[in-house]
Q: 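After the structure tokens below, expect a handful of questions from me.
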Amino acid sequence: MTSAVLSQDTRAVGRGRPGVRSTLTPGASLGLGIAMIWFSLLVLIPLAAIVATAGGEGWHGYVDTLTNPQSWAAIKLTVGQSLLVTGINVVMGTLIAWVLVRDRFWGKRLLDLVIDIPFAMPTIVAGLVLLGLYGPRGPLGINVSNTPASVTLALAFVTLPFIVRTVQPVLAELDADVEEAAASLGARRLTTLRRIVLPSIIPAVAAGAALSFARAISEYGSLVLLSGMLPYRTEVVSVRVLSFIEGGDRTSAAALATIMLGVALFVIVALDVIQRRMARRG
Amino acid sequence: MTQRNRFLALAAAALAVPAILSGCAASSGASSDSDKLSVVGFSVLKTANEPVISAFQKTGAGKGVSFTTSYGASGDQSRAVAGGLHADEVHLSLQPDVQSLVDAGLVDKSWDQNATHGILTDSVVVFLVRKGNPLHIESWDDLVKPGVKVITPNPASSGSAKWNILAAWAHAEDAPGGSDAKAQEFVTKLLHNTVALPGSGSDALASFLAGNGDVLLAYENDSIEAKAAGDDVDYIVPKDTLLIENPAAVTTDASPKAQDFLDFQLSKQGQTLYAKAGFRPVISGVKTDVPGANDPSNPFPKVSHLYTIDKDFGGWDKANPEFFDDTTGIITKIIAGLNIGS
């Protein structure tokens with residue numbers, strides 16, 4: 001998909017600006033109009049409103065938020081845990097996708113179905129389930145509730161499907177012939193994996209990682225019961241934002257939200273750059 | 001061709017925007033039907049209100065009145081009404097949440113000028129403990145002993161937590177040799193023993209029932225409800241605690257039936273039904289058995305030292321900014337200054 005966009009871009013540049021316009025048929029421009037209105041009403045205008053609210057107190061709204069040690073601790077915890085969980089997902093998600101595509105085993109269909117449950121479940125229910133299993137009365141004897149590990153656990157649970165679902169179709173499309181050819185030319189398994197398989201799936205992994213990270217930094221529901229919401233220890237940004245709103249301090253809430261918006265944008269762009277690099281190389 | 005495309009895109013915009021706006025208007029328009037009452041309350045009332053509503057519908061004034069109800073965290077509900085959620089009556093956890101509706105012009109200034117000063121339900125702060133009270137928790141001082149794990153909702157986000165924390169403060173200040181400094185020290189110790197600060201009273205109860213902590217600071221009515229539901233818990237009413245007072249008000253554009261409903265809620269019949277759900281009556285002469293109470297035939301034991309927000313803290317108008325302001329509040333500062341749970 002990325003490469004298609006890229007080649008279109010180069011064509012458009014080659015023909016100059018009028019060329020871009022002429023590709024729009026009447027139907028297409030109607031579609032574009034509707035898409036833009038929908039997108040603006042749902043996303044652009046509300047986002048602009050948040051940034052505007054946060055800017056209500058000028059720069060010092062942001063400075064106050066960032067220098068408040070409790071908010072800063074929440075930002076560090078949220079970003080750190082989200083990166084950690086995204087890292088875990090890159091490994092585990094790719095592995096699960098691999099198993100689901102390449103291996104045949106009993107219960108594969110069921111596993112394939114169950115992967116989506118963290119998507120479908122209300123997150124508060126997810127929190128309750130995790131608390132039942134890994135809480136003080138869990139049957140496994142592991143109690144992570146009210147510790148930073150509970151944040152890792154909850155985030156890992158709700159973000160699990162992202163990388164699995166982005167990598168799975170790419171792996172399924174990957175032609176086994178190419179790998180066989182590599183093998184017949186004397187490449188060892190690891191070399192084949194590194195030179196053939198990884199380059200093809202890395203764009204998908206990066207896209208999934210971006211989704212996973214974005215989901216993780218915004219998570220609230222599954223943490224409500226599990227994390228204990230302790231300042232400096234398990235209080236994530238969304239909880240902090242909620243406290244600001246409850247306290248009637250919308251400017252601080254918006255400032256913190258805008259900071260997280262910036263973080264999310266930065267990570268998504270970074271992952272997109274990786275994706276493009278890999279796509280170009282492949 | 002290009003011009004036509006632009007025209008089409010603009011036409012799509014022109015068609016879509018009014019359609020969406022009129023959709024919004026339609027949903028907020030239908031409000032002045034006098035036989036429909038919209039009650040917006042804080043979360044605990046969900047089960048308590050059902051019998052009250054059906055009893056009201058059996059009275060002359062309530063005949064044919066239908067209800068829509070909405071329950072949630074008190075502050076959220078107050079903001080929702082301020083933000084346009086239609087309400088004929090609001091019944092919230094604490095006075096500042098009604099005050100913000102007065103400020104928004106949605107509730108009349110004179111809302112608290114009745115026999116109960118605007119209060120519809122009462123409760124007290126109690127300790128919910130594990131069945132049999134294995135740690136022998138009896139008084140506030142037991143909560144700050146080393147190793148006792150306390151859960152309270154977070155005062156930054158929960159109205160019920162504000163009652164809890166102020167109860168602890170009042171206890172320490174009232175103790176022999178008590179002072180502001182002593183109270184601050186006591187609450188700091190209490191928060192040091194806190195293992196979780198869930199966002200709301202109901203989240204805190206869920207966390208406690210899942211096995212977290214030794215003591216949950218809770219409303220007496222919540223504790224009675226939990227016991228009545230068969231949860232493995234007991235509750236202790238300490239010798240000194242804070243009276244929780246939940247206000248209710250009709251809105252300025254409410255249907256006349258709303259006042260009838262509020263009058264019914266404050267009547268002996270209404271208060272008896274709330275008492276059965278665990279709330280302390282706000283009028284005298286209500287006698288009823290309360291299933292789930294420690295002693296169902298004497299469900300609301302007299303508290304020897306009952307603190308009130310007006311008498312001991314100078315009212316919410318003073319206490320709310322003094323203790324819970326986002327930056328300068330005493331409790332906010334205590335929480336910001338310690339590394340809870342570590």
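Small disclaimer: the values here were computed from a predicted structure and weren't measured. Chain identifiers are assigned alphabetically (A, B, ...) following the order of the sequence lines, protein sequences preceding nucleic acid strands; residue numbering begins at 1 within each chain.
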Q: With a 6.0 Å cut-off (strictly less than), is the heavy-atom count around CE of M121(A), excluding the residue itself, greater than 12?
A: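 Above 12, so yes.
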Q: As an exercise: rank Q70(A), E235(A), R137(A) by heavy-atom pairs under 4.5 Å with chain B and give me the winner.
A: R137(A)
Q: Around atom NZ of K131(B), are there more than 12 heavy atoms of other residues, nucleotides or ligands at under 6.0 Å?
A: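 Correct, the count exceeds 12.
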Q: In residues 204-218 of chain B, which residues are in contact with chain A at a heavy-atom separation under 4.5 Å?
A: A206(B), S207(B), L209(B), A210(B), G211(B), N212(B)
Q: How about L197(B) and P231(A): do any of their side-chain heavy atoms sit closer than 4.5 Å?
A: yes
Q: To check you understand the geometry: which heavy-atom pair defines the closest contact between D203(B) and V224(A), and what is its length?
A: OD2-CG1, 2.8 Å
Q: Hey, is CZ on R250(A) packed in by over 12 heavy atoms from elsewhere, all under 6.0 Å?
A: no
Q: Are there residues of residues 147-156 of chain B whose heavy atoms fall under 4.5 Å of chain A's heavy atoms? If so, which?
A: N154(B), A156(B)
Q: State, to 0.1 Å, how close Y232(A) and I335(B) come at their nearest heavy-atom pair, and which atoms those are.
A: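 The answer is CE1-O, 3.8 Å.
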Q: Non-hydrogen atoms of chain B under 4.5 Å away: do they reach the side chain of L226(A), the backbone, both or neither?
A: neither
